[in-house]
Visitor: 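One structure, pasted below without further comment.
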Amino acid sequence: MKAWTYSEFGGPDNLQLTEQEIPQPGPGTVRIKVHAASVNPVDWKIMAGGLNEVMPVVFPSTVGWDVAGVVEAVGFGVDEFAVGDEILADNMQDFVQRGSMAQYAIVPVRLAAHKPKELSFVEAASLPLAGQTALQGVDHLGLSEGDTLLVHNASGGVGRLAVQYAVHRGLRVIGTASPSNHDALRALGAHPVAYGDGVVDAVRALAPEGVDGVYDAVGGVTEISGELMKSGAPIISIADPSVMSLGGAWLWVKPNSADTARLADLAARGIVKPQIDTVFPFADAPAAYRHNMDGHTRGKVVVDMTA
Ligand SMILES: NC(=O)c1ccc[n+]([C@@H]2O[C@H](COP(=O)([O-])OP(=O)(O)OC[C@H]3O[C@@H](n4cnc5c(N)ncnc54)[C@H](OP(=O)(O)O)[C@@H]3O)[C@@H](O)[C@H]2O)c1
C-alpha cells in the first residue's frame, strides 16, 4: 500500500510516498480502507520531534491520526464492528508509527465509532481529534446554562467545534479570532472579538463582570485570561501549561469510542457541524501539512484518499 512516511524528524519536506506492507489487524483492532484523513497540529509537532519526550516515534512513521474509512478485516475478539462498516477515529496509539495518511490503517476499536450516514468521509475525518478535544474541554469546565465562556482561538479546528458544543450546552460564547473570521463565528453562535491589542477591553465590553470560564486553544494568553476571569472561574488550556498558575488544567485529549460516538451523533443531528477549511488529494498530503502550519486555517484541513 502507499503511505506518507518520514524517517527522520523535520518538516513536511521529509514526507515521502512509500510502499508499505498492508498491515494485519491484531486483537481488538480492525483494518480499514482509508477514505479520508485529517491534519492536526500535533501531527507536524510530532514530525518535527517536538513531542519526543511524550511519545516514542518509530521510523519509518506514517503521519496522521484522524481517519475515516471502511472496515475490511477484523482482528481477534472484535464484535463491535464488521467488515463493510464505515467508521471514524482519532487513531492516537501508544507510540507513533502507523498513521492515517495511508491507503489502509489499523484502528483499535476502543477509539472508533460508526460513521453516521449523514456525514461524508471527509466530514467524518475532520471531527475525531478536534471534536473530542472540544467536548472534553468544555465538559471539564463544568459551566452552567447562561454562563459566559471565553474561547481563545475560536476559529481553528478545535475552536469552531468547541464554540458549537458550548452554544448547544446553553453557554454564551465570546471567541477570539481575526476579523476575517468574525462572520463565520457569529454564524456559529459566538460573539467574536479580535485577538491582540485591545482584546481585554473588547471582552470586558461584552462581559463587564468577567467571564465564567475560559477555554484556551492557542497558548500565550494566560495573563489575559487572568485579567478577564471572575474570581475562581475555571480555565483549561490545550496548548499552554501556564494556565496551572491560575488553578486551571492543561488538558490532553483522551480519545475513546464513547466520545467519538457522541460527537458523531451531534454531527449527524447538525448540532456540531464539521468545519472544513480545505480538502487536498492524497498526492498532495505534504501541502496539506504546510497549509496547516501557516497557522491561519479556518477549521480543518482534510486529505481525501479517493481524490
Ligand atoms: N492538548 C490537546 O489534547 C490538544 C488537542 C488538539 C489541539 N491541541 C493544540 O491546540 C492548538 C489549536 O489546535 P487547532 O487544531 O485548533 O489549531 P489550528 O486549527 O491550526 O488553529 C488555526 C487558527 O488559529 C488562529 N489563531 C492564530 N493565532 C491566534 C491567536 N493569537 N489568538 C487566537 N487565534 C489565533 C487562526 O486564526 P486567524 O487566521 O484568525 O489568525 C486560525 O484560525 C494547537 O496548538 C494544537 O496543537 C492540543
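Each ligand, and each atom within it, is numbered from 1 in the order the structure gives.
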Visitor: Suppose we measure from atom 11 (C) of ligand 1 to each protein heavy atom; which comes out shortest, and what is that distance?
Guide: A217 O, 3.5 Å
Visitor: If we set the cut-off at 4.0 Å for heavy atoms, which region of T297 has an atom near ligand 1: side chain, backbone, both, or neither?
Guide: both
Visitor: What protein heavy atom lies closest to atom 15 (O) of ligand 1? Include the residue and the distance to one decimal.
Guide: P41 CD, 3.3 Å
Visitor: Is the contact between I238 and ligand 1 made by the side chain, the backbone, both, or neither, using heavy atoms and a 4.0 Å cut-off?
Guide: both
Visitor: Is V158 close to ligand 1, meaning an N/O of one under 3.5 Å from an N/O of the other?
Guide: yes
Visitor: Using a 6.0 Å cut-off, check whether atom CD of E227 has over 12 heavy atoms from anything other than its own residue.
Guide: yes
Visitor: Would you mind telling me if ligand 1 is within reach of the side chain of K45, the backbone, both or neither, using heavy atoms under 4.0 Å?
Guide: side chain
Visitor: What about Y289 and Y6, are their ring centers closer than 6.0 Å?
Guide: no
Visitor: In the protein, what heavy atom is nearest to atom 40 (O) of ligand 1, and what distance, to one decimal place, separates them?
Guide: S178 OG, 2.3 Å
Visitor: Take every heavy atom of N40, measure it against each atom of ligand 1, and state whether any distance is under 4.0 Å.
Guide: no
Visitor: Under a 4.0 angstrom heavy-atom cut-off, which atoms of ligand 1 come close to L129?
Guide: 5 (C), 6 (C)
Visitor: What atoms in ligand 1 come closer than 4.0 Å to a heavy atom of T176?
Guide: 33 (C)
Visitor: Note the single closest protein heavy atom to atom 19 (O) of ligand 1, along with its residue, its atom name and the distance in Å.
Guide: G157 N, 2.7 Å
